[in-house]
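Report on one structure; see the data block that follows.
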Number of protein chains: 2
Amino acid sequence: MGRWEPNAQSRLRQAAMDLYAEYGFDQTTVAEIAERAGLTERTFFRHFTDKREVLFAGSERLQEMLVESVAGSSRPAGLDAVADAFERAAEHYFPPVEYSRQRQTVIDANPALQEREIAKLHRVAAALTEVLRARGLDDPAAALAAEAGVAAFKVAFARWVSDPAGGALADHLRESFIGLRALLAPARLGS
Amino acid sequence: MGRWEPNAQSRLRQAAMDLYAEYGFDQTTVAEIAERAGLTERTFFRHFTDKREVLFAGSERLQEMLVESVAGSSRPAGLDAVADAFERAAEHYFPPVEYSRQRQTVIDANPALQEREIAKLHRVAAALTEVLRARGLDDPAAALAAEAGVAAFKVAFARWVSDPAGGALADHLRESFIGLRALLAPARLGS
DNA sequence: GGGTCTGATGTCAGCGACTGACATCGGTCG
DNA sequence: CGACCGATGTCAGTCGCTGACATCAGACCC
């Protein structure tokens, strides 16, 4: 398919990650990324809608997985279904810790990237809210379960990438959701 | 102070709003905004960090008001203090409905602006979480009270700008928080 | 009143993100 | 072997945004 080497997209992503990590996001130009990947600036923009998106491509896939998982969950629509979905995704979706760690370091150093990250997580929460409602949970409860689930995921993810013991993401997720459930038990967010 | 007419900043904001509303955000160039305001492109960027920020300048002020309000609230740190803060801000901060409505229409039509809006609200939630913790609320409860408060505000704001009856924002806020409290009563989020 | 100082604005040059239009190459299929 | 198609290259251009420096209006001082 490609004109020369295959995997243009992943080569671009790798090149971008390397340069972002070494010189910072702002100090890296798209032309440099493309050159390192042996491609053209124009081609970069055919694979990624913008310079930031390199770090977030794939989040749509995660969102789809979560939505499908909640939609087909054996548990009733609620926090437990969301927790299950995240734990399942943890095993099939996420890249190795080192990559995630490096990626997070880059994001944490740049406001524009944080903006994009927050927006992506917001979309995930919105999508989860939608499925939960579709499965019969009423409106505010669905939103709360979704937002709380995403919040628990944020915590688990942050602990995962900064865990010196190298614990699995799934384990951090379980802990995080246990803490959340303990806190919210009396509210019964559809769980 | 100004070279010619005063109020350069508000003239720029007005010009931007008019053009964004009439032609859309992407179709409006900064040079056009500046020209309509009788100023230069360079001057625009001295008043606003970027083209999007025109629509969000002032959100820092809102955030400060909320934080101060919660910090000095007579109520215990929790949802009620947050609710009070929003209701007080509703009376002293927000522009007329027509302006807010027009602004929201522009934002809703553009993903980049939505990203910025979400990020701003996220910062507000983070700041509120911080005050609540400073006032002694424990960590997850503080975050939940802040996020829930912001969520209630979102709902109230959306209803306010789309309310044909022209109800006051403060009234929508009260209703929204009543609904939230009813839902969360058993959880006791510090309220 | 005139000189000076300061803050806001103008001017200019330039970088880099992003896009549209069109050419070109590699592989596929008939 | 030739038509076809999808991915890439090439080119030119727009626009957001910035740094450096000049300039102007008003405030302050004498």
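Chain letters run A, B, ... following the sequence lines, proteins first, then strands; residues in each count from 1.
In this structure, Leu12(B) places its CG atom 16 Å from C1' of dG16(D), rounding to the nearest Å. Between Glu35(A) atom CD and dG16(C) atom P the separation is 13 Å, expressed in whole Å. Atom CG of Leu39(A) and atom P of dA7(D) are 13 Å apart (whole Å).
Phosphate contact (OP1/OP2 of dA8(C), side-chain N/O of His47(B), threshold under 4.0 Å): absent. Note on Thr43(B): a side-chain N or O is less than 4.0 Å away from OP1 or OP2 of dG10(C).
The residue from Leu113(B), Thr105(B), Asp26(B), Val106(B) that alone fulfils the side-chain contact (heavy atoms from CB on, under 4.5 Å) condition with Tyr20(B) is Val106(B). With Phe153(B) as the fixed residue, the ring-ring contact (aromatic ring centres under 6.0 Å, His included) test singles out one of Phe177(B), Phe94(B), Trp160(B): Phe94(B).
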Distances for protein N/O vs nucleotides 17-20 of chain C N/O pairs under 3.5 angstrom?
| unit_1 | atom_1 | unit_2 | atom_2 | d |
| --- | --- | --- | --- | --- |
| dA17(C) | OP1 | Thr28(A) | O | 3.3 |
| dA17(C) | OP1 | Lys51(A) | NZ | 3.2 |
| dA17(C) | OP2 | Thr29(A) | OG1 | 3.0 |
| dA17(C) | OP2 | Val30(A) | N | 3.3 |
| dC18(C) | OP2 | Lys51(A) | N | 2.7 |
| dG20(C) | N7 | Arg42(A) | NE | 3.4 |
| dG20(C) | N7 | Arg42(A) | NH2 | 2.9 |
| dG20(C) | O6 | Arg42(A) | NE | 2.7 |

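Between the side chains of Glu117(B) and Gln104(B), at least one donor N or O lies within less than 3.5 Å of an accepting N or O. Remark: the Asp18(B) side chain and the Gln14(B) side chain contain an N/O donor-acceptor pair separated by less than 3.5 Å.
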Verdict with supporting geometry, Arg133(A) and Asp138(A), salt bridge (Lys or Arg N to Asp or Glu O under 4.0 Å): CA-CA 6 Å; Arg133(A) 291 203 320 178; Asp138(A) 40 66; over 6 Å; no
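Here the shortest heavy-atom pairing between Arg101(A) and Asp163(A) reads NH1-O, 4.3 Å.
Proximity note for Thr40(A) (side chain, C-beta onward) versus dG9(D), dT8(D), dT9(C): the nearest is dG9(D).
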